[in-house]
Visitor: 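Before I ask anything, let me first share the structure, which is written out below as structure tokens.
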Amino acid sequence: MILKEQLQKIANVKSIPCVTISLNTHRTHPDNLTDAVSLKNLLKEAEDRLTAEFDKKTIAPLLEKIQTISAKIDLNYSLDSLHIFLSNDTEEIIKSAWQTSHEGVHIAERFAVRSLIKSNNRSTNYVLMLLSQSGVGIYEAVNDSIITEITNDDFPFAENTLQVENADQGSNARKVDNMVREYLNHVDKAFVKVHHETGLPCIVIATEDNYSKLQQVADIPAAYIGHAAINYNHVAPHEIVKQSWKIIESLQQQERTQAISQMKEAVGTGKVLTDLQEIYQAALDGRGELLIVHNDFAQPVVMLDERTFDLVEDTNHENALDDIVSNIAWEVLSKKGRVVFTTQEDLADLGEIVLQVRY
């Protein structure tokens, strides 16, 4: 949710000029030693381009931000890419767990947000439930990272204290089974409260038998989107989230595959556009239902008016907008459409950018 809110804030800024700086970074030493040099070079490039294109007095606050921003970034704690958004009135620094295929400096009247849109699409927020012998704990997670443990009147859930009434009943497998189901029913009802409050789905780390029983007693079975087998020697939060991330990655891959299938099915309906100019205009008009873009595709243009442009080969071309794809992606997303960036080969049949329109 934080990334989505940042995306909305940044994408709605319109100022001349807006500077976007993107670079891939490294999480560990000594690889991250090169990041400071890369950042310094990009900041120098941004400063040189700005002073060549704009009056210094007009952009004085922006130039000051460029000169001081590196002191506010700790490159010892980087993720996989860094994105800086600067204007006279804006200063935002965002670290992403996804690499960008569009490193460099982007200068236009709006920020280049395609990398944030991609990161937002590839970020899944969910609840991770650990169902163990000692009780039940739940965590809020994003992809392969735990955000926080969820604690309330129910969670952490105590171990199963339901006991059979006497020793004879203890040998009754059906009786024991019913006791387990009753316990899991209580766990499920506690989770459903969290689900209603957050809207988040759940991945469960448990034995196959317990997960099966949980599904059988669940009030909302669809809220549980996956399961991984518990290893009682590795139940620390940072260990179980590695298990859940494998499931999330698989689900994200399925969603991208389904999006491509949806697009191919729509080709015969006359609602699929492949011409870049037509795609841009349809996006502006709010007709975009599903946009699919190859990760590496970018197209600089020179705007002729608000709705038309000429294609150019070089982002250094006079008055060039570095990447029209960023604008298209935001227009589709902000008007309730879906945007998918992918490298899947199935996209080759459709082209590097394709839009399914609503009408």
Side-chain angles (χ1 to χ4, degrees), residues 1-7 25-29 31-32 73-83 93-99 115-116 118-159 184 186-208 210-211 214-215 218 220 222-255:
M1 291 302 295
I2 294 175
L3 179 58
K4 185 175 182 180
E5 291 166 1
Q6 289 174 316
L7 171 59
T25 52
H26 303 85
R27 298 191 184 210
T28 58
H29 183 86
D31 294 336
N32 61 4
I73 302 171
D74 189 347
L75 292 172
N76 292 315
Y77 297 95
S78 294
L79 298 177
D80 295 307
S81 63
L82 173 68
H83 307 274
I93 301 167
I94 297 177
K95 296 180 179 181
S96 171
W98 300 97
Q99 286 197 336
S115 292
L116 294 192
K118 176 183 174 182
S119 295
N120 183 60
N121 287 353
R122 296 286 180 89
S123 296
T124 300
N125 198 195
Y126 61 99
V127 170
L128 174 57
M129 177 186 291
L130 175 63
L131 179 56
S132 69
Q133 294 170 336
S134 59
V136 183
I138 60 173
Y139 305 84
E140 183 178 353
V142 174
N143 289 1
D144 60 349
S145 300
I146 297 289
I147 297 176
T148 185
E149 181 175 6
I150 297 175
T151 58
N152 54 29
D153 292 341
D154 298 309
F155 292 105
F157 214 92
E159 63 182 306
L184 294 176
H186 292 319
V187 171
D188 173 68
K189 292 188 182 306
F191 163 70
V192 167
K193 292 178 185 178
V194 174
H195 177 67
H196 285 320
E197 291 172 0
T198 65
L200 298 178
C202 182
I203 288 178
V204 181
I205 308 298
T207 65
E208 182 71 39
N210 279 341
Y211 182 67
L214 180 64
Q215 283 275 290
I220 310 175
Y224 299 101
I225 59 173
H227 156 255
I230 189 170
N231 180 339
Y232 284 104
N233 294 319
H234 299 282
V235 292
H238 72 275
E239 293 174 315
I240 61 174
V241 78
K242 292 178 181 178
Q243 293 178 272
S244 63
W245 172 228
K246 292 180 181 179
I247 298 171
I248 293 296
E249 277 191 307
S250 177
L251 292 173
Q252 290 177 345
Q253 175 79 8
Q254 290 175 28
E255 289 174 357

Visitor: Is there a side-chain contact between Asp188 and Val192 in this structure, where contact means two heavy atoms from C-beta onward sitting under 4.5 Å apart?
Guide: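 Contact flag for Asp188/Val192 side chains = yes.
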
Visitor: Looking only at non-hydrogen atoms, find the nearest pair between Gln99 and Lys118 and report the distance.
Guide: O-NZ, 3.6 Å

Visitor: Say you draw a straight line from NZ of Lys95 to OH of Tyr77; how long is it, rounded to the nearest 0.5 Å?
Guide: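 OH of Tyr77 is found 9.5 Å from NZ of Lys95.
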
Visitor: Which residues satisfy the side-chain contact (heavy atoms from CB on, under 4.5 Å) test with Glu255, sequence neighbours excluded?
Guide: none

Visitor: Is any side-chain heavy atom of Ile230 closer than 4.5 Å to one of Leu130?
Guide: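 Touching, per the 4.5 Å side-chain cut-off.
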
Visitor: Nearest 0.5 Å please: distance from the CG atom of Asn231 over to the CD1 atom of Ile205.
Guide: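 That separation rounds to 10.5 Å.
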
Visitor: Between atom CG of Leu131 and atom CG of Asn210, what is the distance when rounded to the nearest 0.5 Å?
Guide: 5.0 Å

Visitor: Hey, does His83 have a side-chain heavy atom less than 4.5 Å from the side chain of Ser96?
Guide: yes

Visitor: Please list, chain by chain and in numerical order, all residues satisfying side-chain contact (heavy atoms from CB on, under 4.5 Å) with Thr25, sequence neighbours excluded.
Guide: Leu23, Asp35, Ser78, Leu82

Visitor: Show the nearest heavy-atom pair for residues Ser244 and Leu128, with the distance to one decimal.
Guide: CB-CD1, 3.8 Å

Visitor: Taking atom OH as the centre, does Tyr232 end up with more than 12 heavy-atom neighbours from other residues, nucleotides or ligands that are less than 6.0 angstrom away?
Guide: yes

Visitor: Could you tell me which residues satisfy side-chain contact (heavy atoms from CB on, under 4.5 Å) with Ile247, sequence neighbours excluded, listed by chain and number?
Guide: Ile203, Ala228, Leu251

Visitor: Calculate, to the nearest 0.5 Å, the distance between atoms CD and CG belonging to Glu5 and Asn120 respectively.
Guide: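 Interatomic distance, Glu5 CD to Asn120 CG, rounded to 0.5 Å: 10.5 Å.
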
Visitor: I need the full list of salt bridge (charged side-chain N to carboxylate O under 4.0 Å, His left out) pairs touching residues 189-203, with sequence neighbours left out, sorted by first then second residue.
Guide: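 Non-adjacent pairs meeting salt bridge (charged side-chain N to carboxylate O under 4.0 Å, His left out): Asp154-Lys193, Lys189-Asp219.
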
Visitor: Contact between Ile220 and His196 at the side-chain level, heavy atoms closer than 4.5 Å - yes or no?
Guide: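 In short, these two side chains touch, coming nearer than 4.5 Å.
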
Visitor: Not counting sequence neighbours, which residues clear side-chain contact (heavy atoms from CB on, under 4.5 Å) with Asn76? List them please.
Guide: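 Residues passing side-chain contact (heavy atoms from CB on, under 4.5 Å) with Asn76: Asn32, Asp74.
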
Visitor: Any idea which heavy atoms bring Tyr126 and Trp245 closest together, and the distance?
Guide: OH-N, 4.2 Å

Visitor: Do the non-hydrogen side-chain atoms of Leu79 and Arg27 ever get within less than 4.5 Å of each other?
Guide: yes

Visitor: Can Val194 and Phe155 be said to form a side chain to side chain contact (heavy atoms under 4.5 Å, CB included), step by step?
Guide: CA-CA 10 Å; Val194 174; Phe155 292 105; 4.3 Å; yes

Visitor: Distance-only check: which donor-acceptor pairs under 3.5 Å involve side-chain atoms of residues 138-147, not counting sequence neighbours?
Guide:
unit_1	atom_1	unit_2	atom_2	d
Glu140	OE2	Asn125	ND2	3.3
Asn143	OD1	Thr124	N	2.8
Asn143	ND2	Arg122	O	2.9

Visitor: Relative to each other, are the rings of His227 and Tyr211 parallel, tilted or perpendicular (30° and 60° limits)?
Guide: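 His227 vs Tyr211 ring planes: parallel.
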
Visitor: Closest approach of Gln243 and Ala229, non-hydrogen atoms and distance?
Guide: NE2-O, 2.7 Å

Visitor: May I ask you to test the Met129-Leu214 pair for a side-chain heavy-atom distance under 4.5 Å?
Guide: yes

